[in-house]
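Naming convention: chains lettered A, B, ... in sequence-line order (proteins, then strands); numbering from 1 in each chain. For the numbers below, each heavy atom of this structure counts, side chains included, while hydrogens, waters and symmetry mates do not. For clarity, every value in this text was computed on a predicted model and none was experimentally measured.
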Protein chains: 2
Amino acid sequence: MTIRQVDDSSKMNFKIGCDTDKSPCLFKKFKTKRQQAIAEREQVLLCLAERLMEEHGFSGLTMDKLVAACDYSKGTVYNHFSSKEDLLSALCIKAMKTELQLFHKASNFKGNAREKLLALCFAYRLHALLHPTLFYCVLTSKTPAVAERASQERLDTQFVLEQQLAEVCNQLFVLAMEDGDLQGREEAEFAQLSFAAWAMAFGSTALMLAASTAQLVQALEEEKTLMFNMNLMLDGMQWLPLSSEFDYWDSWQRVGMEVFADELSTLKEHSKHSGAKGKIT
Amino acid sequence: MTIRQVDDSSKMNFKIGCDTDKSPCLFKKFKTKRQQAIAEREQVLLCLAERLMEEHGFSGLTMDKLVAACDYSKGTVYNHFSSKEDLLSALCIKAMKTELQLFHKASNFKGNAREKLLALCFAYRLHALLHPTLFYCVLTSKTPAVAERASQERLDTQFVLEQQLAEVCNQLFVLAMEDGDLQGREEAEFAQLSFAAWAMAFGSTALMLAASTAQLVQALEEEKTLMFNMNLMLDGMQWLPLSSEFDYWDSWQRVGMEVFADELSTLKEHSKHSGAKGKIT
DNA sequence: AACTATTATGACGATTCGTCAAGTTGACGA
DNA sequence: TCGTCAACTTGACGAATCGTCATAATAGTT
């Protein structure tokens with residue numbers, strides 16, 4: 001199997017088994033029970049960190065608090081995450097993984113290519129609403145302040161996940177092309193079009209999440225706004241069928257009922273318990 | 001003792017270019033020289049803070065460092081900014097004010113309504129490139145972690161500025177309607193359409209600024225991407241003339257040459273001195 | 001059991017945030 | 001010019017946090 005990492009002896013003492021699971025389809029390839037236990041503990045720590053952040057807000061996540069909340073000492077925690085930024089980066093990875101799962105679920109929606117893309121956007125917004133703190137976490141991880149202090153391994157993982165997320169979107173353009181819904185576009189343009197879709201979904205979602213700006217758009221129906229914006233842009237791409245000749249609001253609602261019923265009820269439950277909007281502080 | 005608007009004739013700042021009450025609280029009327037001096041000092045502190053952030057990065061801005069860098073004591077600095085978040089909020093206001101100035105400049109571009117909207121986007125991107133750290137600053141200020149600890153007065157100012165920025169955009173929709181370039185839209189829809197434009201401009205700009213995602217779009221021509229995305233969406237709105245029948249790339253370049261020549265040369269100068277991209281850490 | 005490589009511990013120094021009691025300033029009236 | 005007092009300034013301080021490292025504990029091997 002894999003050769004043991006004997007080479008880098010200087011780091012050996014300080015780095016524990018940061019699981020080298022760059023490949024998502026992972027065999028758990030741990031030599032010892034010990035490393036296995038360490039990897040499992042990392043997941044426990046991450047869940048704890050996520051809970052701390054959801055409860056006490058974004059700035060309420062502290063290495064000291066995490067240490068106090070778990071059964072291990074500071075040194076042990078620092079063996080897993082070399083800095084607070086590294087922890088953030090790990091949380092970002094966790095968020096992207098669940099996002100990817102939602103994406104895969106969304107692309108199973110039965111419908112034409114454009115409906116599937118809307119389903120993807122539905123998943124994107126759903127994820128942001130379910131985990132608003134993690135959404136900010138992903139944003140923050142792009143900041144150089146974080147990126148510069150995160151371990152290279154995690155940065156690589158982030159990059160891979162980003163590509164996988166983008167690939168799900170790209171495939172829909174290929175599908176639309178095959179179905180004849182998108183004409184006169186070169187395959188080389190797909191990256192550009194895909195980026196446009198991503199930018200619109202991200203921009204709309206992020207702005208709607210931001211509290212103060214919400215005052216400006218409170219007159220709008222938040223639920224419909226993302227779909228509305230995406231439709232504007234997809235019409236601009238001449239992606240058939242156009243929104244004037246197809247009831248995408250019906251599709252949007254069906255995505256919620258047919259694919260994400262569980263998540264939506266969780267969301268309702270959640271917002272009942274904790275006020276109007278998820279706390280992010 | 002509260003004689004408010006009596007002594008303004010003696011304190012009038014004769015600024016070239018009729019500055020009536022556009023900026024809400026910059027040129028207030030001060031009762032005493034002392035308060036005048038304090039207000040001026042606040043501007044000095046803000047400039048210092050901005051420089052600290054540009055030099056040492058986003059996380060390099062510290063109250064302690066600011067205190068060390070200026071000639072005043074900690075208590076005095078805290079008299080101006082009640083917390084680090086309040087300072088961030090003040091920087092955000094500063095950023096939005098310069099952005100508003102760029103917006104006004106942009107709307108003077110000679111052309112049809114859609115060209116003017118593109119000019120606005122040009123200004124938006126320009127501002128982000130000129131002050132990447134301030135761009136992140138504005139983003140961060142929307143975060144509850146910051147908003148909850150900023151003074152109410154600053155939050156109000158932010159809200160006013162936000163409305164003014166949005167109003168510049170809204171006016172272009174009115175203009176397009178009057179010119180017959182946008183048909184079949186109710187005025188009630190303007191807020192929605194304006195939000196869509198804002199979301200697209202913000203999403204595209206923010207994603208392109210984020211370092212790691214830039215790897216995904218490095219194949220694209222960054223310079224053209226924002227314009228491309230905006231055109232997709234504006235075509236979707238049926239905002240005439242459509243991009244298929246008008247050379248907006250020419251307009252885009254003319255905006256740079258005719259309106260923002262100075263800023264562009266500053267930008268080039270800046271990027272020469274300090275590597276490829278602005279540091280944000 | 002003894003030995004060694006790996007992991008765990010928590011006290012510690014360094015930074016940073018924000019406060020406050022004591023000291024200083026300056027506008028104003030006498 | 002001087003005294004007064006409200007407003008402003010100062011910097012030492014306590015609390016919280018970050019990250020390190022010498023030392024203790026443990027698992028695996030002989």
Inter-residue atom distance B:L87.CG - B:L61.CG, 0.5 Å rounding: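 Answer rounded to 0.5 Å: 5.5 Å.
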
I need the [atom1]-[atom2] distance between [X] and [N], as an integer number of Å.
X     : N      : atom1 : atom2 : value
B:I38 : C:dG26 : CD1   : P     : 11 Å
A:Y72 : C:dT9  : OH    : P     : 9 Å
A:L88 : D:dC18 : CG    : P     : 10 Å
A:L52 : D:dT17 : CG    : C1'   : 15 Å
A:N79 : C:dT7  : CG    : P     : 8 Å
B:H80 : D:dT9  : NE2   : P     : 6 Å
B:L45 : D:dT9  : CG    : C1'   : 13 Å

Return yes if some donor-acceptor pair links the side-chain N/O of A:S89 with the main-chain N/O of A:E85 below 3.5 Å, else return no. no

Heavy-atom donor-acceptor pair, B:T205 side chain to B:A201 backbone, under 3.5 Å: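 At least one qualifying donor-acceptor pair exists.
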
Contact list (N/O, under 3.5 angstrom) for nucleotides 16-19 of chain C vs protein:
from	atom 1	to	atom 2	distance (Å)
C:dC17	OP1	B:M63	N	3.3
C:dC17	OP2	B:M63	N	2.9
C:dC17	OP2	B:D64	N	3.1
C:dG18	OP1	B:R149	NH1	2.5
C:dG18	OP1	B:R149	NH2	3.3
C:dG18	OP2	B:Y78	OH	3.1
C:dG18	OP2	B:K84	N	3.0
C:dG18	O6	B:K74	NZ	3.0

Please check the phosphate of C:dA8 (OP1 and OP2 only) for any side-chain N or O of A:S73 closer than 4.0 Å.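 No, no such contact exists.
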
Does C:dA8 have OP1 or OP2 under 4.0 Å away from a side-chain N or O of A:R41? yes

Do A:L45 and A:C70 have side-chain heavy atoms sitting under 4.5 Å apart? yes

Any B:Q164 side-chain heavy atom under 4.5 Å of B:M96 side chain: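 Result no, sub-4.5 Å side-chain heavy-atom pair not found.
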
Under a 3.5 Å limit for both distances, which nucleotide forms a Watson-Crick or G-U wobble pair with C:dA30, could you say? D:dT1

Step by step, work out the side-chain contact (heavy atoms from CB on, under 4.5 Å) result for A:E99 and A:L161. CA-CA 10 Å; A:E99 199 172 319; A:L161 278 169; over 6 Å; no

